[in-house]
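Position 1 is the first residue of the sequence, and the numbers go up from there.
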Amino acid sequence: MDHFPTTEAAVTALRALADDFAREIEVAHDIGADQTSRRSAAGVGVTTDPDGSLPHEAYVEFGGIPRVSVRLYPDDDALIDVEGVECPDIPRDDVPAFLRSVFGDLAHVKGRRFRPGYFLIVPLPGDRTHKEYIPMITLSPWLSGRVR
């Protein structure tokens, strides 16, 4: 498994992934404690963290179907949105593998009958999976096409 020590390293990996799957990619960078979403208490004009580091956050959107966006946080995690299903707290090192599963048609949706609902199941390396609940009313055509 690859290790991405910085947000920029992860963005570089996502650009390569976009090339591999022939997808357009747009990236927006927020640099500085006064710009990143988790540092709202930093104060006006404060750009560094107390330890002197400069936090870097990136928002990435991929073109095509499924609609996918990624917010890479400076805290080594990410929020991935797949067709409106938010998958929070994904470790930054798992983001490329997560997206390979989604773009490579390995991800699927599993339904359950008792207390009806659906789950987005995304296989990850090492026999791991990420499972995210989907309310029934939000199944997009792409998600509906992957129900097992």
So does [Y] get a backbone contact from the side chain of [X], meaning a donor-acceptor N/O pair under 3.5 Å?
{"X": "Arg71", "Y": "Leu79", "result": "no"}
{"X": "Ser101", "Y": "Pro123", "result": "yes"}
{"X": "Arg15", "Y": "Ile25", "result": "no"}

Before you tell me yes or no, could you show the steps for Trp142 and Val102 under side-chain contact (heavy atoms from CB on, under 4.5 Å), namely the whole-Å CA-CA distance, both residues' side-chain angles and the distance that decides it to 0.1 Å? CA-CA 11 Å; Trp142 185 85; Val102 170; 4.1 Å; yes

Interatomic distance, [X] atom [atom1] to [Y] atom [atom2] [nearest 0.5 angstrom]:
{"X": "Asp76", "Y": "Asp94", "atom1": "CG", "atom2": "CG", "value": "11.5 Å"}
{"X": "Cys87", "Y": "Ile80", "atom1": "SG", "atom2": "CD1", "value": "6.5 Å"}
{"X": "Thr129", "Y": "Leu120", "atom1": "OG1", "atom2": "CG", "value": "10.5 Å"}
{"X": "Asp77", "Y": "Asp93", "atom1": "CG", "atom2": "CG", "value": "11.0 Å"}
{"X": "Tyr118", "Y": "Lys110", "atom1": "OH", "atom2": "NZ", "value": "13.5 Å"}
{"X": "Ile65", "Y": "Arg23", "atom1": "CD1", "atom2": "CZ", "value": "8.5 Å"}

Can you sort out the partners of [X] under side-chain contact (heavy atoms from CB on, under 4.5 Å), two or more places apart, ordered by chain and number?
{"X": "Arg100", "value": "Leu17, Asp20, Phe21"}
{"X": "Thr7", "value": "Val11, His56, Ala58, Leu72, Arg92"}
{"X": "Glu61", "value": "Tyr59, Ser69"}
{"X": "Pro5", "value": "His3, Ala9"}

Are Leu106 and Val122 grouped together when hydrophobic residues (ILVMFWY) are joined by side-chain heavy atoms under 4.5 angstrom apart?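 No, separate clusters.
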
How far apart are the C-alpha atoms of His130 and Leu124, what are their side-chain angles, what is the distance that settles it, and do they pass the side-chain contact (heavy atoms from CB on, under 4.5 Å) test? CA-CA 7 Å; His130 181 81; Leu124 296 171; 4.3 Å; yes

Enumerate the residue pairs fulfilling ring-ring contact (aromatic ring centres under 6.0 Å, His included) with a member in residues 77-96, sequence neighbours excluded, ordered by first and then second residue.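 Residue pairs with at least one partner in residues 77-96: there are none.
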
Given the rule in the side-chain contact (heavy atoms from CB on, under 4.5 Å) test, do Val95 and Phe4 qualify, once you have shown the distances and angles that lead to the verdict? CA-CA 10 Å; Val95 171; Phe4 304 103; over 6 Å; no

Other cluster members, Tyr133 - Ile/Leu/Val/Met/Phe/Trp/Tyr, side-chain contacts below 4.5 Å: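 Members other than Tyr133 - counting any ILVMFWY side chain reachable under 4.5 Å - are Phe119, Ile121.
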
Which residue pairs pass the salt bridge (Lys or Arg N to Asp or Glu O under 4.0 Å) test with at least one member in residues 132-148, sequence neighbours excluded?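 Qualifying pairs: Asp105-Arg146.
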
Heavy atoms only: give me the nearest Ala78-Tyr73 pair and the separation to one decimal.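 Shortest heavy-atom contact: CA-CD1, 4.0 Å.
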
Those residues that, when tested against Asp81, pass side chain to side chain donor-acceptor pair (under 3.5 Å) (two or more places apart):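 Expected list: none.
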
Partners meeting side chain to side chain donor-acceptor pair (under 3.5 Å) with Glu83 (sequence neighbours left out):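 Glu83: side chain to side chain donor-acceptor pair (under 3.5 Å) contacts with Arg67, Ser140.
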
Flag the pair Val70 / Phe98 as yes when at least one side-chain heavy-atom distance between them is below 4.5 Å, and no otherwise.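 Answer no - side chains too far apart.
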
Tell me if the CD atom of Glu8 is crowded by more than 12 foreign heavy atoms within 6.0 Å.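 Correct, the count exceeds 12.
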
